[in-house]
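Data block below; observations after.
These figures come from a predicted structure and were not determined experimentally. Residue numbers start from 1 in every chain, and the chains themselves are labelled A, B, ... in the order their sequence lines are given, proteins ahead of strands.
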2 protein chains.
Amino acid sequence: MGEHLGEFEQMLLFAVLRLGDDAYGVTIRREIERRTGRRPSPGAIYTTLERLEQRGMVGSRVGGATPVRGGRRKRFYHLEPAGARALAMAYERLQRMAAGVLPRLQDLSGA
Amino acid sequence: MGEHLGEFEQMLLFAVLRLGDDAYGVTIRREIERRTGRRPSPGAIYTTLERLEQRGMVGSRVGGATPVRGGRRKRFYHLEPAGARALAMAYERLQRMAAGVLPRLQDLSGA
DNA sequence: GCACAAAAACTATATTGTAGGACAAATACA
DNA sequence: TGTATTTGTCCTACAATATAGTTTTTGTGC
């Protein structure tokens with residue numbers, strides 16, 4: 001089936017990978033905002049994460065209670081092997097499309 | 001409105017940039033296939049190109065006759081400044097998400 | 001218990017991605 | 001000049017992704 005990853009999906013997967021044991025909705029969202037300046041809505045995050053899980057790209061488990069005031073139990077995500085492969089491939093493909101033309105792109109985009 | 005570029009859109013823009021004066025439907029498609037192994041249908045190419053043009057990311061002009069046997073006139077595409085900026089930004093964002101975690105990704109994807 | 005905080009899930013819609021075949025136009029050649 | 005051949009684009013329809021906003025759940029502190 002769908003081996004392809006959209007742009008946002010790739011970002012989510014990179015965020016999950018980077019966050020390791022602390023990857024759940026809120027931190028993932030924060031990470032994307034920090035690194036890219038984009039501010040996706042919570043809904044965007046969860047919906048996409050769910051789709052990725054259905055496709056076997058990520059897995060999840062529900063965490064236990066925490067000593068913090070409030071807070072629903074977190075659902076922690078991790079990258080599955082299939083997700084890692086798909087992400088590596090998607091990244092490489094874009095890399096190949098970009099190879100060699102980045103200087104020209106910088107020029108044109110007025111850097 | 002939409003400043004964002006999807007995955008496929010980015011590929012098209014990179015192809016247009018690379019091909020320079022020879023960027024039209026058929027060559028763009030061939031370039032993507034060569035570099036990524038993906039084989040998008042003609043329809044995918046033209047539809048996406050048209051959307052990108054409506055958003056001001058690319059411009060086009062229709063070419064003249066050629067000394068080659070047959071063949072409809074080509075529509076040549078070029079990157080507009082807005083397209084270059086959007087592409088540079090999209091690329092940079094992904095780069096920032098990927099920074100530092102690529103080694104781990106290689107591991108997990110079984111390289 | 002009850003108020004409050006944190007996080008996730010649901011619902012609905014807009015935007016992207018995609019295929020495949022119909023159509024158009026240009027040249028060669030009888 | 002007219003018809004076959006070639007190259008390339010456009011049309012139509014549909015599937016998948018992206019996204020916001022609102023609601024629900026669950027845990028803590030008092």
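- For the pair R39(A) CZ and dT19(D) C1', the computed distance is 14 Å after rounding to whole Å.
- The list of salt bridge (Lys or Arg N to Asp or Glu O under 4.0 Å) pairs with a residue in residues 16-30 of chain A, not counting sequence neighbours, reads R18(A)-E31(A).
- Between R73(A) atom CZ and dG27(D) atom P the separation is 4 Å, expressed in whole Å.
- Side chain of R96(A) to main chain of R35(B): a donor-acceptor pair is present (N/O by atom type, distance under 3.5 Å, no hydrogens or angles).
- Panel note: side chain E53(B), backbone S60(B); a donor-acceptor pair is recorded below 3.5 Å.
- In this structure, the nucleotide among dT18(C), dT19(D), dT16(C) sitting nearest to the side chain of S41(B) is dT18(C).
- Taking atom CZ of residue R51(B) and atom P of nucleotide dT18(C), one finds them 11 Å apart after rounding to whole Å.
- Contact check on E3(B) versus R93(B) returns no salt bridge, with no Lys/Arg side-chain nitrogen under 4.0 Å from an Asp/Glu carboxylate oxygen.
- Out of dA19(C), dT18(C), dA20(D), the shortest distance to the side chain of A44(A) is found at dA20(D).
- Atom CD1 of I45(A) and atom P of dA6(C) are 18 Å apart (whole Å).
- Phosphate contact (OP1/OP2 of dT25(D), side-chain N/O of R75(A), threshold under 4.0 Å): absent.
- Among the nucleotides dC10(C), dC10(D), dA9(C), the one closest to the side chain of P42(B) is dC10(D).
- Rounded to an integer number of Å, the gap from E9(A) CD to dT15(C) P is 18 Å.
- Taking the ring pair (Phe, Tyr, Trp, His ring centres under 6.0 Å) definition, one finds that F76(A) meets it with Y24(A), sequence neighbours left out.
- Of the candidates dA20(D), dT12(D), dG17(C), the closest approach to any side-chain atom of F8(B) belongs to dG17(C).
- Contact annotation: H4(B) side-chain N/O to dT19(D) OP1/OP2 distance is under 4.0 Å.
- In the hydrophobic clustering of this structure, L19(A) groups with L94(B); members are Ile, Leu, Val, Met, Phe, Trp, Tyr whose side-chain heavy atoms approach within less than 4.5 Å, directly or through other members.
- One atom, CD of E7(A), and another, C1' of dT15(C), lie 12 Å apart when rounded to the nearest Å.
- In this structure, E3(B) places its CD atom 19 Å from P of dA14(C), rounding to the nearest Å.
- When each of G43(A) and G6(A) is assigned the nucleotide of DNA chain D with its nearest heavy atom, G6(A) is the one assigned upstream, toward the 5' end.
- At least one donor-acceptor pair closer than 3.5 Å links the side chain of S109(A) to the backbone N or O of Q106(A).
- Across residues 18-31 of chain A, Y24(A), G25(A), V26(A) each have a non-hydrogen atom less than 4.0 Å from an atom of DNA chain C (numbered order).
- One can place CG of L52(B) at 9 Å from P of dT16(C), the figure rounded to the nearest angstrom.
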